[in-house]
Each structure stands twice: as structure tokens, then as C-alpha cells.
Amino acid sequence: MAEVLVYVDHVYGAVRKPTLELLTLARRIGEPVAVALGAGAADTAAVLGEHGAVKVLTHDASEYADYLVVPKVDALQAAVAEVSPAAVLVPSSAEGKEIAARLALRIGSGIITDAVDLEVGDEGPVATQSVFAASFTTKSRISKGTPVITVKPNSAAVEAAPAGPAVSELSVTFSAQATGTKVTGRTPRESTGRPELTEAAIVVSGGRGVNGSENFAIIEALADSLGAAVGASRAAVDAGWYPHTNQVGQTGKSVSPQLYIANGISGAIQHRAGMQTSKTIVAVNKDAEAPIFDLVDYGVVGDLFDVVPALTEDINTRKG
């Protein structure tokens with residue numbers, strides 16, 4: 001069976017959930033070979049093996065932390081040369097898509113971004129995408145070179161498949177461009193204790209109807225009762241009520257959770273583009289004609305200041 005390269009997204013050896021999802025998808029089209037780079041790369045092998053990686057290629061160098069994406073592209077190019085894979089899978093984050101695009105250009109291949117599923121085809125892997133604000137589903141394949149595919153978080157369930165991987169060090173020669181742009185400083189994001197927005201199984205969002213930054217406390221309370229991430233519409237972000245890092249939509253982040261709860265959000269096409277692939281969508285809005293109700297699985301016509309606190313209280317009571 002052909003091997004499939006999986007780029008590992010990890011933080012000092014702690015593998016992030018989208019990578020484990022990629023391993024599940026990779027097993028559908030071949031044997032996963034994981035590529036872990038940077039500090040803690042060697043510490044990822046056990047978790048990667050538990051989720052199906054038959055090989056783990058690691059490489060640690062200061063370039064991965066001190067410079068931007070080019071060193072990682074150099075390493076993936078070296079891995080492609082060593083393995084000759086059937087495909088390369090990368091998490092569909094902002095950085096992941098830049099790495100994938102640069103790699104595809106380097107190796108003379110096509111690229112598919114934001115895939116939500118993968119399957120074996122007669123002429124190579126076939127990727128499913130949700131396009132035009134998730135109004136249509138397409139199936140695509142790369143016709144030239146080694147397919148490079150980025151996959152959206154929450155596109156597949158994480159499945160254990162113990163493999164006992166062979167671990168080896170990847171030989172990497174950095175290009176002249178690798179040190180062209182240096183990272184001069186970092187400011188750690190203050191932790192809220194909530195899940196990462198793009199990886200969360202549940203997202204609770206607020207929009208213009210929240211009517212002020214101080215009122216986002218009720219959105220946060222509902223999110224915390226569900227163990228959810230907090231999102232915001234562009235209107236709420238532009239008004240300064242919530243940070244831009246939490247914006248969901250065409251100019252923000254795309255999410256695909258199991259449950260999405262939209263509170264006081266009208267449902268403009270730009271917002272729908274970022275959340276329409278959610279598995280179950282619930283909306284709370286006092287305007288019965290709001291476009292969001294054309295999209296939802298469950299809708300509540302009512303004042304969010306009455307509905308959301310009551311829902312939070314009921315959830316906490318049931319949990320208690």
C-alpha cells in the first residue's frame with residue numbers, strides 16, 4: 001500500500017487534534033507516515049503510533065522556531081523525496097495552507113485546500129470540498145504530481161489504530177530562503193481555558209444582537225456550560241465587542257463543529273461561509289425573518305437575553 005505523508009501540528013511534543021484526524025483520513029488512502037518538526041518532535045511518536053502512523057520522521061533545528069514557514073517547507077520537500085508518497089496531508093490552518101501551497105509549487109504538483117473528506121479513486125486520492133459558502137459539495141483530484149491536500153479540522157473522527165511506528169531522523173538541508181524572514185519576538189496568548197475555536201466540537205457565537213462587549217458574558221457562560229469555544233460575527237468584532245481572533249466567517253476563521261449555536265446573528269452570507277459545514281446548527285434571534293433561520297437545524301425566535309441565560313441554567317442544572 002502506498003505511503004501518505006502527514007504533517008504533524010504539535011506544540012513541544014503535544015500533538016494537536018487536527019493531526020490525529022489527518023491520520024484517520026490518511027489510513028483510507030494508504031499507510032500514514034508522519035513528519036514532526038521542531039522542539040519536541042521526537043516526543044510525538046507514541047501518540048502518532050497509537051493513531052496509525054507506521055513511520056515517524058522527525059527533525060529538530062532552531063530554524064523552525066526562529067524563522068517563518070520556509071524551513072518547514074524545506075523539510076516536507078525532503079520527506080517527499082525520501083518517501084515518494086501517494087499524497088501529502090496538511091492541517092488547513094493559515095500556516096498549514098501556506099506550507100502546502102509552497103510545497104506544491106516546489107514539487108510541481110497541484111493543491112486542494114479545505115477538504116472535508118478523502119477517498120481512494122482510480123487515479124489517486126479524491127477530496128471532497130464544501131464550496132460557495134457550503135451551498136455545493138465537490139469532489140476533486142490532482143491530475144499532476146503528488147497531491148498536496150489541506151483538510152479542515154473536525155472533518156473526521158479521531159480513531160485509534162495502534163501501529164508501532166518506526167522512528168527515524170529526516171535529513172534536511174535548508175535553502176537560502178529559509179532564513180529570509182526572522183521571528184523577532186512572541187507574545188503568548190492569554191489562555192481562556194476554552195477549546196481552540198477551529199478545533200472545538202461545540203462553538204457558541206454572538207453577533208450584533210448581543211449589543212455590547214459587556215453582554216458577551218452571557219455567551220461565554222453558555223459556552224462554558226457546554227465546554228465550548230466562543231465565536232463572534234464580523235459585526236460584533238468590528239464594533240470592538242470581541243477580539244478579531246474569535247471572528248467566524250469569510251474574513252475570519254472557518255469552523256466545522258458538531259454543534260454551532262448562533263446568538264443574535266442575522267446570517268449574512270459572509271458569516272455563513274465560515275460555519276455552514278457545522279454538523280448541527282442552532283440559532284437564537286428575535287427576528288423571525290432573519291436569514292440564519294433558512295440554514296439552521298433548530299431555531300428559537302426570541303430575545304437572546306431571555307433564552308440564553310435560561311438555556312445555560314438548564315444545562316448547568318442537568319449537569320449537576
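Heavy atoms only: backbone and side chains are in, while hydrogens, waters and symmetry mates are out.
Sorted by first then second residue, the salt bridge (charged side-chain N to carboxylate O under 4.0 Å, His left out) pairs that include residues 288-315, not counting sequence neighbours, are D314-R318. Pairs passing the ring pair (Phe, Tyr, Trp, His ring centres under 6.0 Å) check and including a residue from residues 23-57, sequence neighbours excluded, do not occur.
Inter-residue side-chain proximity for V4 and P85 is flagged as unmet; no heavy-atom pair is nearer than 4.5 Å. A 4.5 Å side-chain heavy-atom check between S175 and V70 finds at least one atom pair inside the cut-off. No side-chain heavy atom of D9 sits less than 4.5 Å from a side-chain heavy atom of E95. Side-chain contact between S205 and Y260 is present, with at least one heavy-atom pair separated by less than 4.5 Å. With contacts defined as side-chain heavy-atom distances shorter than 4.5 Å, the pair D114/V116 does not qualify. Side-chain contact between L23 and L48 is present, with at least one heavy-atom pair separated by less than 4.5 Å. Under the 4.5 Å side-chain criterion, counting only non-hydrogen atoms from C-beta, I219 is in contact with N263. Inter-residue side-chain proximity for Y7 and L76 is flagged as met; some heavy-atom pair is nearer than 4.5 Å.
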Check against ring-ring contact (aromatic ring centres under 6.0 Å, His included), F174 and Y64: CA-CA 10 Å; F174 293 116; Y64 299 122; 5.5 Å; yes
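Under 4.0 Å is where a charged nitrogen must lie from a carboxylate oxygen, and between E123 and R141 at least one such pair does. In summary, R194 and D224 engage in a salt bridge, as defined by a charged side-chain N under 4.0 Å from a carboxylate O.
Of all the heavy atoms in P243 and V237, the pair that sits closest is O-CG2, 3.8 Å. Looking at every heavy atom in both residues, F216 comes nearest to G231 through CE2-O, 3.9 Å. For the pair P165 and K55, the tightest heavy-atom approach, listed with the atom from each and the gap, is CB-N, 4.0 Å.
Here the side chain of S109 pairs a donor or acceptor atom with the backbone of T146 at under 3.5 angstrom.
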